[in-house]
Asks: 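Handing you this structure, nothing more for now.
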Amino acid sequence: MAHTRVKELYEPGTLPPAGSVPELMYAAVIRQDRLGPPDKAIRTEVVPVPEVGRGQVLVHVMAAGINYNNVWASLGRPVDVIAARMRLGDPVDYHIGGSEGAGIVWAVGEGVRHVKVGDEVVLTSAQWDETSPDIRLGTDPMASSTQLAWGYESNFGTFAQYALADEYQCLPKPAGLDWVDAASLMCTGATSYRQLCGWPPHVVEPGDPVLIWGGAGGLGSMAIQIVRYRGGRPVAVVSDEARAEHCRRLGAVGTINRRDFDHWGRLPSVDDTEAYRGWLDGAKRFGAQIWEALGERRAPRLVLEHSGQDTLPTSMYVCATGGMVAICGGTSGYNGDLDLRYLWMRQKRLQGSHFASLRECRQVVGLVAEGVLDPCRTVIGTLDDVGYAHQLLHDNRQPPGNLVVRINSLPD
């Protein structure tokens, strides 16, 4: 669809004339020469507004959610995302993160049929090539070889006045949601929904005990509510009493303070009898805390994992026979140690889970619109605070729930 490029830079919160797209915008930018802690790596700069290609949508971003993937982008590890894209021929030598948000469709490219200029949309967090042979043969796009985390592996996310998305990423924003609520629900809400509901037969059923790591974080906050909505019994793992209270307020039947245990980390060798016994004793004490939280000697049928290296051995041990550990990340490290005897002899399932399908995303938006799920969002600030917000995540100093920054939706 035709639009006019104007040689102007508009301040956040200011709308350009209808039908026009500025050449420049403010954005929170990462560059290779300052990779490191997020509050140093991410800086507000003036950069070109990206060109809109076929099937693409330019969104005037009102608010953006904060997620851990751009902590990794700031640090440049485990992947330097700028270098990775440039090796594939991308000439853009900077990174604009932001994998979720909400805003107004400002311009559309050729072939876009299902959204139009002026639509208010929530943006989903994954991209893929819809012409890919595996998708055309029926593969879930989330399992496609072309799937990328938007605003992390791909560029031009929501930490800018304008984001460049594919048409299918745009879901209608429910009229009852304000911009910051709409911007904060997609990454954590849809990811946890898929972990809990997307891997049959291991989906939350009434009465199911469910163990949720990081219960007070964005992922955990959404997971607790989803489990309760489906009739399950969530037990949340936290690091202090304030976070425990947050989880109980959302519906957790009990909480466990991980700081009461010291067996976290890599699984000791089974040949190191003393070290292995120390780990096993810790895992058993942790399991007993789950029983105490539930008020009965039952193991969790589902375990929602994302911390990875430090906790996965314990997750697999405490999971019920025939149950499932669904993991979507590795914030404590990427080495996943298991005592395989607990996996095969007790017929447990270890399931990798990554974001969500478009159907699952729409279901989550619907649950929030109906008031079933509270995004539990905290507004950290504006575009200039993107680095600070990610530093809070890096340092594990963030408030409970989901973090949001305002971009063009400025406070009154």
Side-chain angles (χ1 to χ4, degrees), residues 68-69 72 77-79 142-143 191-192 194-204 208-215 217 219-220 223 227 232-239 256-291 293-294 297-355 396:
Y68 208 90
N69 58 11
W72 294 325
R77 61 178 191 268
V79 177
M142 285 307 301
T191 298
S192 60
R194 185 178 181 90
Q195 285 181 274
L196 296 166
C197 307
W199 303 105
H202 293 91
V203 298
V204 180
D208 280 347
V210 179
L211 181 68
I212 299 170
W213 289 95
L219 195 74
V227 172
R233 305 180 66 202
V235 176
V237 185
V238 296
S239 59
I256 302 171
N257 190 330
R258 61 178 171 81
R259 298 189 188 277
D260 292 340
F261 303 86
D262 60 5
H263 68 290
W264 312 121
R266 301 289 299 274
L267 181 69
S269 170
V270 295
D271 297 325
D272 187 340
T273 304
E274 183 177 353
Y276 188 85
R277 173 54 61 183
W279 171 81
L280 187 59
D281 287 346
K284 286 181 176 180
R285 286 196 303 110
F286 184 81
Q289 287 282 295
I290 298 174
W291 299 342
L294 292 169
R297 291 170 67 96
R298 290 186 67 190
R301 181 168 176 264
L302 292 170
V303 179
L304 186 140
E305 253 280 4
H306 53 86
S307 43
Q309 180 172 296
D310 284 355
T311 57
L312 185 61
T314 298
S315 291
M316 187 56 67
Y317 177 79
V318 301
C319 181
T321 297
M324 180 180 76
V325 176
I327 186 165
C328 69
T331 54
S332 67
Y334 305 113
N335 290 291
D337 299 317
L338 300 176
D339 184 330
L340 292 174
R341 293 171 294 184
Y342 298 115
L343 181 65
W344 93 70
M345 295 178 70
R346 296 182 182 175
Q347 301 180 76
K348 301 180 184 184
R349 177 180 180 183
L350 175 60
Q351 177 66 56
S353 189
H354 186 51
F355 190 51
N396 195 30

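The shown structure was predicted, so the numbers you read here are calculated from the model rather than taken from an experiment.
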Asks: Of all the heavy-atom pairs spanning Ala236 and Gly215, show the shortest one and how long it is.
Replies: CB-CA, 4.0 Å
Asks: Only distances under 3.5 Å count here; give the side-chain donor-acceptor pairs of residues 338-347 to other protein atoms, sequence neighbours excluded, each with its distance to 0.1 Å.
Replies:
from: Asp339; atom 1: OD1; to: Arg341; atom 2: N; distance (Å): 3.1
from: Asp339; atom 1: OD1; to: Arg341; atom 2: NE; distance (Å): 2.9
from: Asp339; atom 1: OD2; to: Tyr276; atom 2: OH; distance (Å): 2.4
from: Asp339; atom 1: OD2; to: Arg341; atom 2: NE; distance (Å): 3.3
from: Asp339; atom 1: OD2; to: Arg341; atom 2: NH2; distance (Å): 2.6

Asks: If you compare all heavy atoms of Gly232 against all heavy atoms of Pro234, which two are closest, and at what distance to 0.1 Å?
Replies: O-CD, 3.5 Å
Asks: Below 4.5 Å, heavy atoms only, C-beta onward: do Pro209 and Ile290 meet side chain to side chain?
Replies: no
Asks: Looking at residues at least two apart in the chain, or sitting in another chain, which of them share a ring pair (Phe, Tyr, Trp, His ring centres under 6.0 Å) with Trp72?
Replies: Tyr68
Asks: What pairs meet the salt bridge (charged side-chain N to carboxylate O under 4.0 Å, His left out) rule with one or both residues in residues 268-280, with sequence neighbours excluded?
Replies: Arg277-Asp281
Asks: Going from CG on Asp260 to OG on Ser239, what distance comes out if it is rounded to the nearest 0.5 angstrom?
Replies: 11.0 Å
Asks: Quick check: does any side chain N or O of Lys348 sit under 3.5 Å from a backbone N or O of Met316, one acting as donor and the other as acceptor?
Replies: yes
Asks: Heavy atoms only: give me the nearest Ala223-Leu304 pair and the separation to one decimal.
Replies: CB-CD1, 3.7 Å
Asks: Out of Leu219, Leu302, Val210, which one pairs with Gln195 under the side chain to side chain contact (heavy atoms under 4.5 Å, CB included) rule?
Replies: Leu219
Asks: In Å, rounded to the nearest 0.5 Å, how long is the span from OH of Tyr317 to NZ of Lys284?
Replies: 4.5 Å
Asks: Counting C-beta onward and ignoring hydrogens, is there a side-chain heavy-atom pair between Thr314 and Phe261 closer than 4.5 Å?
Replies: no
Asks: His306 side chain to Trp213 main-chain N or O, any donor-acceptor pair under 3.5 Å?
Replies: yes
Asks: If we ignore hydrogens and angles and just use 3.5 Å, is the side chain of Arg297 paired with the main-chain N or O of Trp291 as donor and acceptor?
Replies: no
Asks: Write out all pairs satisfying salt bridge (charged side-chain N to carboxylate O under 4.0 Å, His left out) with one or both partners inside residues 299-316, taking only residues at least two apart or from two chains.
Replies: Asp208-Arg301
Asks: About how many Å separate OG1 of Thr311 and CZ of Arg258, when rounded to the nearest 0.5 Å?
Replies: 9.5 Å
Asks: Suppose we screen for side-chain hydrogen bond (donor to acceptor under 3.5 Å, both in side chains). Which residues come up paired with Ser353, at least two apart in sequence or across chains?
Replies: Trp199
Asks: What's the spacing between Leu312 CG and Ser307 OG if we round to 0.5 Å?
Replies: 8.5 Å
Asks: Report the distance from atom CG of Leu211 to atom CG of Leu294, rounding to the nearest 0.5 Å.
Replies: 9.0 Å
Asks: When rounded to the nearest 0.5 angstrom, what is the spacing between CZ in Arg349 and NE2 in His202?
Replies: 6.0 Å
Asks: Can you name the nearest heavy-atom pair linking Val325 to Cys319, along with the distance?
Replies: CG2-CB, 4.0 Å
Asks: Considering only heavy atoms from C-beta outward, does the side chain of Ser192 approach that of Ile212 to under 4.5 Å?
Replies: no
Asks: Please list all pairs passing the salt bridge (charged side-chain N to carboxylate O under 4.0 Å, His left out) test where one or both residues lie in residues 327-338, with sequence neighbours left out.
Replies: Arg266-Asp337
Asks: What are the two closest heavy atoms between Val318 and Ala299, and how far apart are they?
Replies: O-CB, 3.3 Å
